[in-house]
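One structure is given below, encoded as structure tokens.
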Amino acid sequence: MSLVASPDAMYRLLIQSVVDYAIYLLTPEGVVANWNPGAQRAKGYSAEEVVGQHYSMFYTDAERLAGLPALNLERARVTGRFEEQGWRQRKDGSHFWTSVVIEAIVDEASGTLLGFCKVTRDMTEQRRYEQELLRAKELAEQYSQEMAGLSQFLDSVIANIPASVIVQDARSEKILLANQQAERLFGGHGMSMIGLLPAQCPAPAIADYLGQQLSRGARSGRAFAAETRVDTAVGSRTLRSRALLCNNGKGHSDYVLFVAEDATEQLAAHAQIHHMAHHDALTGLPNRTLFSDRLTQALLRGEEQGKLTAALCLDLDNFKNINDTLGHAFGDKLLRALGKRLRAELREHDTLARLGGDEFAVVLTGLDNREAACNTARRLIAAISPAFHIEGHQFSVGVSIGVALSPDDHLHAEPLLCYADMALYEAKRNGRNRFECFHVGLDVAARQRRLVETDLRTALHLSQLQMHYQPVVDHHRGCVTGYEALLRWQHPQRGMIMPMDFIPIAEETGLIHDIGIRALNLACQEAASWDSEQTVAVNLSPVQFRDANLTHIVALALADSGLPPQRLELEITESVLLGNSEENVQTLRALKALGVSISLDDFGTGYSSLGYLRSFPFDRIKIDKSFVHDMCESREAMSIIRAITELSNSLMIKTTAEGVESAEQMRRLAAEGCSHVQGYLYGRPVPASERLIRLSGEVL
Ligand code: C2E
Ligand code: MG
Ligand code: MG
């Protein structure tokens with residue numbers, strides 16, 4: 001082969017060596033005239049398979065049908081060049097994206113079309129790359145839009161969170177960001193904090209605070225948290241803050257982030273809630289919870305210092321009546337006034353608490369001796385005794401106080417308070433408006449009472465309660481006109497228990513309501529079985545008058561037993577008429593309206609006032625046995641008996657003298673004009689069965 005080839009041969013050689021482009025010639029009709037290796041590589045046909053074929057074979061059926069091969073040649077012929085990008089088909093049926101150029105070859109001299117040169121380049125890879133690039137660009141745009149949205153969102157979060165946010169440049173220490181809240185709290189005077197060093201903040205207190213928090217945040221490994229009272233631009237506030245270093249992801253700490261929450265209101269609300277949880281809303285005094293805490297603390301301190309601590313329980317005498325009569329609003333005012341008077345008597349480190357209702361309690365600390373506690377108790381009683389003036393009313397209340405001391409009585413708060421309460425109970429029993437100190441005997445008595453209470457519930461269920469009957473005698477006519485029904489408790493271990501040993505406990509615990517109903521039913525049923533017109537007298541406790549159903553209960557006992565109402569007498573004591581008695585008088589009227597008689601029992605004891613006889617038309621007065629007992633020796637007792645009988649006779653009220661044990665007493669009572677007598681002289685209280693035996697053998 002000669003080294004110097006003709007330009008035509010060189011050109012052919014060049015074409016043959018191009019493998020990335022399919023370069024071939026078409027006749028003016030579009031028949032493939034030659035085929036280079038690039039064409040073979042791109043389309044899969046060998047030169048033998050293609051040369052001589054019409055170039056439309058590379059088009060799809062649809063394109064052929066549309067006449068595209070001819071159209072494209074025509075365009076190349078008219079314009080000299082046809083160029084497009086599009087899909088082409090390989091021999092194996094697969095498609096590839098190509099850039100196609102068809103150039104018309106024209107004889108320059110004659111202008112005759114010699115053919116076409118077709119250059120096709122496989123652009124599939126490039127197109128895929130371009131498309132990926134496009135997609136990546138779209139994604140990047142979308143992402144940057146999202147980021148812009150997110151950053152806008154974060155900006156508005158930072159602007160709107162109810163906390164102050166400051167971002168400081170870790171190196172220059174300049175403030176890069178301060179949200180509205182931060183500017184309001186630390187900036188002030190409309191001055192921006194951006195670009196300032198913490199020390200350049202206008203107020204020195206703020207400059208100190210921010211400088212300290214940010215530098216601690218920058219230094220500490222974790223977030224530095226603090227709760228600080230700060231004099232801010234809007235006043236003194238308690239700020240709960242966190243300061244921390246923020247890494248930029250490359251290991252460098254770029255920023256110090258400081259977030260502070262204004263906890264002033266929250267802390268105030270907590271303090272308020274705490275106060276409410278530990279104080280009584282009415283008087284503002286400590287409540288039971290705080291009292292217990294204070295007592296416990298006082299006991300610990302007292303033990304350390306070798307001093308005495310006293311717990312005092314206070315209870316107002318007769319407060320319920322004032323509350324019921326004058327209304328709760330009035331009662332509230334009284335309690336407040338009382339609280340003030342009591343508080344004024346105590347030292348600052350003593351605690352006065354209201355435990356509820358009309359119950360108050362006191363802790364006295366650092367006492368030297370028992371007498372000191374007693375003196376305070378005396379002072380408290382004296383402070384209450386001057387009359388209270390409220391809303392034009394003037395009235396007096398009394399206070400009963402129970403005192404217990406530590407370490408003498410007990411070392412711990414709860415039992416000590418319990419002992420003070422027992423002493424209070426004792427003070428009330430001993431006549432109110434006084435104080436009592438705890439002693440072991442009270443505990444024994446309280447245990448005894450608790451025991452009785454439990455046993456008494458069982459007694460009710462197991463029918464251990466019985467009635468005994470004692471005759472009431474009309475000594476003029478010499479006959480038994482009726483019987484007083486008296487309760488007895490047949491205890492399986494303790495034998496017979498007398499009413500004085502369990503009725504007061506039943507009254508305290510409310511068991512008296514059930515016991516009273518039982519007594520009434522037993523007595524009515526028993527009397528209904530008697531073959532006579534004799535009456536039966538049943539005692540009613542003042543506590544039973546608190547039951548609005550009392551009249552109904554009596555009516556039911558009569559109806560169930562079939563006892564005619566005129567054969568039932570109800571005995572009440574003066575205490576029923578005490579205090580707010582109007583309601584009780586109404587009840588008495590309703591009872592009387594049933595047809596039963598009402599007797600005033602134990603007359604002359606207690607509060608004794610002949611005035612009671614005017615408040616209700618009693619059917620009978622029972623002269624208390626203490627007068628009968630003393631009448632032969634005491635002129636006063638005799639005079640009282642005389643006064644009662646005279647008054648009763650003039651008011652046409654029957655009288656029964658109780659506790660008549662001797663014939664002498666009997667004779668004198670008859671001489672005074674007493675209509676009835678009752679006592680051991682005529683018969684002791686006995687069970688119903690013995691009553692009949694006694695009656696048959698009785699000589700009056
Ligand atoms: P009371 O109603 O004044 O009853 C009279 C008390 O004097 C009875 O005592 C009776 O046994 C006693 N007694 C009668 N004659 C004599 C006597 O000649 N000499 C002496 N020294 N005492 C005499 P008892 O049965 O121990 O009852 C005491 C109190 O218990 C009663 O006094 C009454 O207030 C109360 N009680 C008794 N049964 C009931 C009841 O069913 N319900 C209520 N609520 N109280 C009752
Ligand atoms: Mg009685
Ligand atoms: Mg009596």
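Every number for a ligand or one of its atoms is a count from 1 in the order of the listing.
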(message) Out of all atoms in ligand 1, which are within 4.0 Å of some heavy atom of Pro499? Include the element for each.
(response) 24 (P), 25 (O), 26 (O), 27 (O), 28 (C), 30 (O), 36 (N), 37 (C)
(request) Without swapping roles, check the side chain of Arg354 against the backbone of Gly357 for a donor-acceptor pair under 3.5 Å. (result) yes
(message) Hydrogens and angles aside, do Ser541 and Glu507 bring a side-chain donor and acceptor to less than 3.5 Å of each other?
(response) yes
(message) Please enumerate all residues that pass ring pair (Phe, Tyr, Trp, His ring centres under 6.0 Å) together with His629, with sequence neighbours excluded.
(response) none
(message) Do the side chains of Glu453 and Arg457 get close enough for a salt bridge, i.e. N-O under 4.0 angstrom?
(response) yes
(message) If we set the cut-off at 4.0 Å for heavy atoms, which region of Asp601 has an atom near ligand 1: side chain, backbone, both, or neither?
(response) side chain
(request) Using the side-chain hydrogen bond (donor to acceptor under 3.5 Å, both in side chains) rule, pick out the option among Arg494, His491, Gln464 that qualifies with Asp455. (result) His491
(message) When you compare the side chain of Arg336 with that of Leu282, does any pair of heavy atoms fall below 4.5 Å?
(response) yes
(message) Looking only at distances, can you tell me whether any N or O atom of Leu487, backbone or side chain, sits closer than 3.5 Å to an N or O atom of ligand 1?
(response) yes
(request) Using a 4.0 Å heavy-atom cut-off, say whether Asp624 meets ligand 1 through its side chain, its backbone, both or neither. (result) neither
(message) Can you see whether Arg620 engages Ser597 through a side-chain donor-acceptor pair at a distance of less than 3.5 angstrom?
(response) no
(request) Would you mind naming the N, O or S atom of Asp601 nearest to the Mg ion (ligand 2)? (result) OD2
(request) Kindly state if atom 7 (O) of ligand 1 has a protein heavy atom within a strict 4.0 Å cut-off, that is, under 4.0 Å? (result) yes
(request) Heavy-atom contacts with Ala519 under 4.0 Å: which atoms of ligand 1 show up? List them by number with element. (result) 41 (O)
(message) If the threshold is 4.0 Å, N to carboxylate O, is there a salt bridge linking Arg429 and Glu426?
(response) yes
(request) Please say whether Lys625 places an N or O atom under 3.5 Å from an N or O atom belonging to ligand 1. (result) yes
(request) Check ligand 1 against Glu571 and write out every atom of the ligand that is under 4.0 Å from a heavy-atom position of the residue. (result) 2 (O)
(request) Have a look at ligand 1 and work out which part of Arg488, if any, has a heavy atom under 4.0 Å from it: side chain, backbone, both or neither. (result) side chain
(request) Answer with side chain, backbone, both or neither: which part of Glu484 has a heavy atom less than 4.0 angstrom from an atom of ligand 1? (result) side chain
(request) Assess whether ring-ring contact (aromatic ring centres under 6.0 Å, His included) is satisfied between Phe330 and Phe395, documenting all intermediate values. (result) CA-CA 12 Å; Phe330 193 86; Phe395 52 87; 5.3 Å; yes
(message) Using modelled atom types and a 3.5 Å cut-off, is there a donor and acceptor pairing between side-chain atoms of His468 and backbone atoms of Arg684?
(response) no
(request) For ligand 1, note which part of Arg684 has a heavy atom under 4.0 Å away: side chain, backbone, both or neither. (result) neither
(request) Could you tell me whether His468 approaches ligand 1 through its side chain, its backbone, both or neither, with non-hydrogen atoms closer than 4.0 Å? (result) neither
(message) Tell me which N, O or S atom from Glu484 is the closest to the Mg ion (ligand 2).
(response) OE2
(message) Please give the atom name: the N, O or S atom of Asp602 nearest to the Mg ion (ligand 3).
(response) OD1
(request) Report the part of Glu658 in contact with ligand 1, treating N, CA, C, O as backbone and CB onward as side chain, heavy atoms under 4.0 Å; options are side chain, backbone, both, neither. (result) side chain
(request) Confirm or rule out an N/O/S atom of Asn539, from backbone or side chain, lying less than 2.8 Å from the Mg ion (ligand 2). (result) yes
(request) Using only N, O or S atoms, tell me which atom of Glu571 is closest to the Mg ion (ligand 2). (result) OE1
(message) Taking Asp514 first and then Arg518, would you say they form a salt bridge - that is, a charged N and a carboxylate O separated by under 4.0 Å?
(response) no
(request) Answer side chain, backbone, both or neither: which part of Ser541 comes under 4.0 Å from ligand 1, heavy atoms only. (result) both
(request) Give a yes-or-no answer on whether the side chains of Ser400 and Asp317 include a donor-acceptor pair shorter than 3.5 Å. (result) yes
(message) Taking distance alone, with N or O pairs closer than 3.5 Å, would you say Tyr680 contacts ligand 1?
(response) yes
